[in-house]
Amino acid sequence: MQKVYIKDLSQYVDQTVSLKGWLYNKRSSGKVKFVILRDGTGLLQCVVFKGNVTPEAFEAADKLGQESSLEITGKIKIESRAPGGYEMDVTDLKLIAESVDYPITPKEHGVEFLMDKRHLWLRSQRQVAILKIRHRIVKAIRDFFDERDFTLMDAPIITPSACEGTSTLFATDYFDLGKAYLTQSGQLYAEAGAMALGKVYSFGPTFRAEKSKTRRHLTEFWMVEPEVAFNDLNDDMDLAEEFLEYIVQSVLKDRAEELRILERDTTKLEAVKRPFPRISYDEAVEILHKNGIDFEYGNDLGGTDETVVSNQFDRPVMVHRYPSEVKAFYMKRDPENPKLALAVDVLAPEGYGEIIGGSQREDNLDLLLERIEQHQLPQEAFEWYLDLRRFGSVPHSGFGLGIERTVAWICGLEHVRETIPFARMIYRNTP
RNA sequence: UCCGCGAUAGCUCAAUGGCAGAGCAUUCGGCUGUUAACCGAAGGGUUGCAGGUUCGAGCCCUGCUCGCGGAGCCA
């Protein structure tokens with residue numbers, strides 16, 4: 001038998017259908033009961049009149065606890081008084097399984113309680129909307145790269161060494177080979193891929209054992225990292241802005257209803273069109289000083305600094321050419337000023353902070369060796385990476401986009417903990 | 001790791017150092033168009049843990065635990 005879902009009900013007006021789902025909420029007024037059904041694709045108000053169903057079914061409608069699973073049958077009609085515009089005149093109602101004392105009520109709850117009940121919180125309309133937008137963002141990412149002939153080449157999760165130092169990694173014992181670490185970036189492997197395939201991207205979970213405790217940090221988060229042979233920093237920025245525009249416009253086009261549920265101000269997203277402003281680190285520092293921020297030249301931008309800079313613009317801003325000392329060892333120096341790295345951070349609007357970090361990579365073997373020594377990294381661990389410079393090295397660039405920060409920005413959320421089904425944070429690894 | 005704030009009913013929160021309270025949820029009753037429905041009633045408490053001050057502590061003091069917001073670091 002063909003299954004009917006709430007999102008498709010416009011095709012079933014004046015027809016009798018059966019729907020399966022869960023009780024989202026109910027209201028009753030004597031001989032008429034309003035049962036709000038949830039099926040994962042939407043909400044439907046189902047009206048149970050006492051005379052239209054068996055006494056058993058009417059009694060069942062009365063007893064149902066929130067989130068009881070049920071099969072409900074009736075005629076679909078257009079009804080302006082109902083949320084969503086459609087309504088069912090119920091003729092039959094069967095309980096599949098009861099739900100007693102469901103903990104999440106239609107009233108307010110605190111963060112800790114909801115995070116403890118995350119497995120149930122996911123059922124709420126708001127969380128469903130966020131997860132659907134997250135999925136659309138992931139699809140946009142894959143479509144974007146696939147349409148441009150990138151090859152997906154994922155990096156290992158278990159790695160023998162740190163990408164940028166070992167202090168912030170989760171360590172584990174790896175049989176007789178000593179310590180292994182959960183990856184904090186797939187980038188170095190993506191560089192190997194770019195030398196093989198030209199244009200690649202890796203997409204997967206990454207891990208940071210930093211004791212960060214802010215609205216922008218998770219210990220486990222997803223990152224997409226394109227890497228392109230023969231791209232310089234400007235090409236990298238071109239790719240980043242085309243990429244972000246594509247993602248945002250895809251969500252605007254296909255997830256308008258979900259953005260409405262989240263009460264997102266979509267005019268802010270509509271402004272995300274190329275070209276994005278590109279400013280140098282020096283110009284960013286000027287902006288900070290002009291705004292009365294006591295910022296010392298040479299430091300990396302902090303969270304509040306990023307907000308001040310991004311608030312000057314109505315779309316993402318690309319800040320490039322940072323002091324090389326605050327950036328990673330693999331970033332290429334600016335030939336015009338060796339104190340600067342050919343790096344770029346893309347700051348999202350509205351204070352959402354850094355969503356992309358990228359750079360042109362150092363392609364010269366000797367300079368890279370020097371950098372590894374300066375950063376006191378074990379050279380033997382990077383021998384394979386150095387081989388990429390020994391055997392036909394070419395200029396190349398790439399960047400990493402943090403999925404959760406991107407979802408938080410597009411959805412207009414306070415905290416990244418709502419952007420991933422089950423968040424891993426410094427003080428939480430359950431459920 | 002550091003700075004700040006907090007912990008009272010299942011949930012969200014009140015309570016001048018002097019009887020432990022409300023709304024929601026639950027149970028019972030009422031209502032034929034409700035929109036986080038509404039109206040009436042009932043049940044529901046080791047006030048995070050351990051000490052201390054006091055005639056008397058949810059409230060004041062000390063320590064601990066847990067959580068929240070932020071910094072640093074980062075995507």
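Given the structure is predicted, the values throughout are model-derived calculations rather than measurements. All heavy atoms count here, side chains included; hydrogens, waters and symmetry mates do not.
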Give [X] one of three labels, base, sugar-phosphate or nothing, depending on what nucleic acid heavy atoms sit under 4.0 Å from its own.
X	answer
A:Lys63	sugar-phosphate
A:Asp300	sugar-phosphate
A:Glu108	base
A:Phe113	sugar-phosphate
A:Tyr427	sugar-phosphate
A:Ile356	sugar-phosphate
A:Lys33	nothing
A:Arg417	sugar-phosphate
A:Gln45	base
A:Glu354	sugar-phosphate

- prompt: Got a second to check how far A:His217's NE2 is from A:Thr214's OG1, nearest 0.5 Å?
  reply: 4.5 Å
query: Rounded to the nearest 0.5 Å, how far does CG of A:Leu301 lie from OG of A:Ser310?
result: 10.0 Å
Sticking with atom [atom1], work out how far [N] lies from [M], rounded to a whole angstrom.
N	M	atom1	answer
B:A50	B:A7	C1'	16 Å
B:C68	B:A22	C1'	24 Å
B:U53	B:C59	P	15 Å
B:A20	B:U62	C1'	26 Å
B:G4	B:U8	C1'	23 Å
B:G29	B:U65	P	50 Å
B:C13	B:G6	C1'	13 Å
B:G69	B:C55	C1'	41 Å

Less than 4.0 Å between a side-chain N and a carboxylate O, is that true for [Y] and [X]?
X	Y	value
A:Arg278	A:Asp238	yes
A:Arg264	A:Glu258	no
A:Lys332	A:Glu362	yes

Do [X] and [Y] make the cut of ring centroids closer than 6.0 angstrom?
X	Y	answer
A:Tyr297	A:Tyr281	yes
A:Phe399	A:Phe243	yes
A:Trp22	A:Tyr102	no

task: Could you pick out which residue, A:Thr105 or A:Glu220, lies toward the 5' side of RNA chain B when each is mapped onto its nearest nucleotide?
output: A:Thr105
Can you figure out which of [options] approaches the side chain of [X] most closely?
X	options	answer
A:His109	B:U32, B:G67, B:C11	B:C11
A:Arg216	B:A36, B:C66, B:A71	B:A71
A:Met223	B:A75, B:G33, B:G70	B:A75
A:Arg208	B:G67, B:G70, B:A75	B:A75

base_contact_polar ([N] base, [X] side chain, donor-acceptor, <3.5 Å):
X	N	answer
A:Arg27	B:C31	no
A:His217	B:C74	yes
A:Ser212	B:C74	no
A:Ser28	B:C31	yes

query: Is any side-chain nitrogen or oxygen of A:Lys211 closer than 4.0 Å to OP1 or OP2 of B:U1?
result: yes
- request: Please step through ring pair (Phe, Tyr, Trp, His ring centres under 6.0 Å) for the pair A:Phe329 and A:Phe382, ending with a clear verdict.
  value: CA-CA 12 Å; A:Phe329 78 94; A:Phe382 293 95; 5.3 Å; yes
- prompt: For A:Phe221 and B:A75, do the ring centres fall under 5.5 Å apart while the planes stay under 30° apart?
  reply: yes
message: Checking side-chain polar atoms at under 3.5 Å, does A:Arg208 have a donor or acceptor matched by the opposite partner on A:Thr206?
response: no
field: All stems with RNA chain B, defined as three or more consecutive Watson-Crick or G-U pairs under 3.5 Å
entry: B:1-7 with B:65-71, B:10-13 with B:21-24, B:26-30 with B:38-42, B:48-52 with B:60-64
- prompt: Is the NZ atom of A:Lys132 crowded by more than 12 outside heavy atoms at less than 6.0 Å?
  reply: yes
- request: Could you identify which residues of residues 83-100 of chain A place a heavy atom less than 4.0 Å from some atom of RNA chain B, listed by residue number, or say none?
  value: A:Pro83, A:Glu87
query: In whole angstrom, what separates A:Lys107's NZ from B:U26's C1'?
result: 16 Å
- prompt: Of the options A:Ile130, A:Leu262, A:Ile261, which is the one that meets A:Gln125 in a side-chain contact (heavy atoms from CB on, under 4.5 Å)?
  reply: A:Ile261
